[in-house]
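Each residue takes its place number in the sequence, starting with 1. Atoms considered below: every heavy atom in the structure, side chains included; atoms not considered: hydrogens, waters and symmetry mates.
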Amino acid sequence: QVSLVESGGGLVQPGGSLKLSCTASGRISSIPIMGWYRQAPAKQRELVATINVGGNTNYADSVKGRFTISRDNSKNTEYLQMNDLKPEDTAVYLCYAYARTTSGSISNYWGQGTQVTVSS
């Protein structure tokens, strides 16, 4: 009942910046937690950042100081500002939401992902 759609991925040179966005739609009552995961080739899915409804954030050590997560609760949208990108940031970035529906169920949801490639 909840769909997540990401945008903003692409090819960028090392040291460059990208801003990802993700909008949730459907029969949404609330989204206590939103976040971003990433999946690189031959690696497990990795948690990048999370943000709760009050704006509290957490980051993976590998991106701390370079990435900033934010959300606009009125739009059910989250963002990931990525600065000083490195080749090791190359991955499919997946939007995540821990959401409650209007039917009262609560579950984890993921978007389809957007490719971020950092290469010169």
| task | Under 4.5 Å between side-chain heavy atoms, chaining through other members, with only Ile, Leu, Val, Met, Phe, Trp and Tyr counted: pull out the rest of the cluster around W110, sorted by chain and number. | result | I33, Y37, L47, V92, L94, Y96, Y98, I106
| field | Salt bridge flag under 4.0 Å for residues D89 and K86 | value | no
| query | What do you reckon, is CD of Q1 surrounded by more than 12 foreign heavy atoms closer than 6.0 Å? | reply | yes
| query | Can you tell me if R27 and T102 form a side-chain donor-acceptor pair at under 3.5 Å? | reply | yes
| Can you tell me how far CG of N52 sits from OG1 of T57, rounded to the nearest 0.5 angstrom? | 8.5 Å
| query | Between the main-chain N or O of P32 and the side-chain N or O of S30, is there a donor-acceptor pair closer than 3.5 Å? | reply | no
| field | Any side-chain donor near an acceptor of the partner, S21 and S7, under 3.5 Å | value | yes
| N/O donor-acceptor pair under 3.5 Å between N73 side chain and V53 backbone | yes
| Spacing of I28 atom CD1 and T101 atom OG1 [to the nearest 0.5 Å] | 9.5 Å
| said: Does any part of the side chain of L85, heavy atoms only, come nearer than 4.5 Å to the side chain of L18, both counted from C-beta? | reply: yes
| task | To the nearest 0.5 angstrom, please state how far the CD1 atom of I69 sits from the CD atom of Q81. | result | 12.0 Å
| said: Would you say that more than 12 heavy atoms from the other residues, nucleotides or ligands in this model lie under 6.0 Å from the CD of E88, or not? | reply: yes
| query | With a 4.5 Å heavy-atom cut-off, do L20 and M82 have their side chains touching? | reply | yes
| Tell me the ring-ring contact (aromatic ring centres under 6.0 Å, His included) pairs involving residues 44-82, sequence neighbours left out? | none
| request: Check A24 against L4 and note the closest heavy-atom contact, atom names and distance. | output: CB-CD2, 3.3 Å
| Which heavy atom in V2 sits nearest to a heavy atom in A99, and how many Å separate them? | CG2-CB, 4.3 Å
Which atom pairs, one a donor and one an acceptor, fall under 3.5 Å between side chains of residues 113-120 and the rest of the protein, sequence neighbours left out?
| unit_1 | atom_1 | unit_2 | atom_2 | d |
| --- | --- | --- | --- | --- |
| T114 | OG1 | G9 | N | 3.2 |
| Q115 | NE2 | A91 | O | 3.4 |
| Q115 | NE2 | T117 | OG1 | 3.3 |

| request: Taking T77 for its side chain and K75 for its backbone only, find out whether a donor-acceptor pair lies under 3.5 Å. | output: yes
| task | List the steps and the verdict of side chain to side chain contact (heavy atoms under 4.5 Å, CB included) for Q112 and C95. | result | CA-CA 8 Å; Q112 292 297 306; C95 179; over 6 Å; no
| When rounded to the nearest 0.5 angstrom, what is the spacing between CG in L80 and OG1 in T68? | 8.0 Å
| field | R71 side, atom CZ; E78 side, atom CD - distance, nearest 0.5 Å | value | 7.5 Å
